[in-house]
Amino acid sequence: MIVNMSASATKEQISHVVERIQECGYQAHLIQGAERTVIGAVGSNGRRAEIEALRAAPGVQDVIQIAHPFKLVSRQLQQRRTIVDVGGVQIGAGNVTVMAGPCSVESGEQLMETALAVKAAGANLLRGGAYKPRTSPYDFQGLGVEALRLLREASEETGLPIVTEVMSETDVEIVAEYADMMQVGARNMQNFSLLRKLAILERPILLKRGPSATIKEWLLAAEYLLAGGNKNVVLCERGIKTFETATRNTLDLAAIALVKELSHLPVIADPSHGTGIRTLVSPMSKAAIAAGADGLMIEVHPCPERALSDGPQSLDLPGFAELMKELGTAPVREVKAA
Ligand code: PEP
Ligand code: MN
């Protein structure tokens, strides 16, 4: 439930409502807007009737029921859009944030070449997989800690913060030592014990949508992170399984637009995994931005035909620079008169 305080509510009146919410067995989440304060009463075992009765408390304007099962991620609770800061890059602040890099970190040379190129083309964050969730146990599984070290080196060289996947609860500490943003991969979206562990970190989380997850399930997965105390969550639409087999996944553009209505969290799109086809990455990037995406995650490899994972969907370095130029986010360079 949401308790809307009136614009003239005093600090004491707000504190009184917070105390009553806690006494009634709920968690109280205070959201201070520019004009008024809203307090969320969240939990499953509270005494609801007593919260409804708070309508009569001084300073309270209204008490309303949150219509959705997800509460803290809901725009009903927080109208103001969340901005997530990742190493100085503000995601959700109005610009399109671009996270780019290889599917997997394969070597120091491969990563550094890619990092320098995506930085020059205007990317804001460097991505690269160290722990890879592969369908087959015989496929390349990632370089693990060695890849984390290489990512950090590339970050120091380019100034780009890094985002990388944490696949297992047991890797949370080591990944957190190196990563500016921790990615929860599509296959782990409902790994609730992993989500609970990440919730107690302050580190920003990129939460990918599960290939078979509904929007409600995706937002409830995000709710785990916020309920556990981590508000720095960015959602990523990366395509879902449908009957269509011509593309690797079906990038759900309507989900981007709908999630922007339902939630205050930033949403980015991953047209690389969303299509699996290099030539579709550029048109679907533009389509995702038109649908309201706050950013993009793009796989880039210096030589996609040699990539150890996801070569067919990876852009090469000139291809990525071209995309960035088309998106209009390439850095403006000084053009010297001849
Ligand atoms: C990835 O980003 O490399 C990845 C494995 O993505 P997803 O979890 O969306 O398949
Ligand atoms: Mn990949």
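Nothing fancy with the numbering, it's 1 onward along the sequence. In this text, all values refer to a predicted model and were calculated from it rather than measured experimentally. Atoms within a ligand are numbered from 1 in the order they appear, just like the ligands themselves.
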Notebook entry, point to check: Step by step, would you call I205 with V234 a side-chain contact (heavy atoms from CB on, under 4.5 Å)?
Noted result: CA-CA 6 Å; I205 309 292; V234 176; over 6 Å; no
request  = Kindly determine whether R152 and Y178 satisfy side-chain contact (heavy atoms from CB on, under 4.5 Å), including the steps that lead there.
outcome  = CA-CA 6 Å; R152 184 57 34 228; Y178 292 90; 3.9 Å; yes
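Compare K132, M99, E165, M189 by their heavy atoms: the one nearest to atom 3 (O) of ligand 1 is in K132.
Side-chain N/O atoms of H273 and Q313 include a donor and acceptor closer than 3.5 Å. Side-chain contact, S309 with S104: a donor N or O sits under 3.5 Å from an acceptor N or O. One side chain, Q78 or T82, offers a donor N or O that lies under 3.5 Å from an acceptor on the other. No donor-acceptor contact under 3.5 angstrom links the side chains of E299 and H301, judged on distance only.
The one candidate from E106, E113, M112 that meets the side chain to side chain contact (heavy atoms under 4.5 Å, CB included) condition with P302 is E113.
In terms of polar-atom proximity, defined here as any N/O pair under 3.5 Å, Q183 does make such a contact with ligand 1. For M297, no nitrogen or oxygen atom sits less than 3.5 Å from a nitrogen or oxygen atom of ligand 1, counting backbone and side chain alike. Considering both main-chain and side-chain atoms, D310 never comes within under 3.5 Å of ligand 1 through any nitrogen or oxygen pair. For D270, no nitrogen or oxygen atom sits less than 3.5 Å from a nitrogen or oxygen atom of ligand 1, counting backbone and side chain alike.
Here the heavy atom of the protein found nearest to atom 4 (C) of ligand 1 is H273 NE2, 3.5 Å. Atom 6 (O) of ligand 1 has as its closest protein heavy atom K208 NZ, 2.9 Å. Scanning all protein heavy atoms for the shortest distance to atom 8 (O) of ligand 1 gives A186 N, 2.7 Å. Here the protein heavy atom with the shortest distance to atom 9 (O) of ligand 1 is R238 NE, 2.7 Å. Protein heavy atom at the shortest distance from atom 2 (O) of ligand 1 is R127 NH1, 2.7 Å.
Atoms CG and NZ, from L226 and K231 in turn, are 7.5 Å apart once rounded to the nearest 0.5 Å.
Annotation: angle subtended at the Mn ion (ligand 2) by D310 OD2 and C103 SG is 100°, to 10°. Rounding to the nearest 10°, we obtain 90° for the angle at the Mn ion (ligand 2) between H273 NE2 and E299 OE2.
Those atoms of ligand 1 with a heavy atom of G185 less than 4.0 angstrom away are 8 (O). Those atoms of ligand 1 with a heavy atom of E299 less than 4.0 angstrom away are 3 (O).
Salt-bridge check for R75 with E261: failed, with every basic side-chain N at 4.0 Å or more from each acidic carboxylate O.
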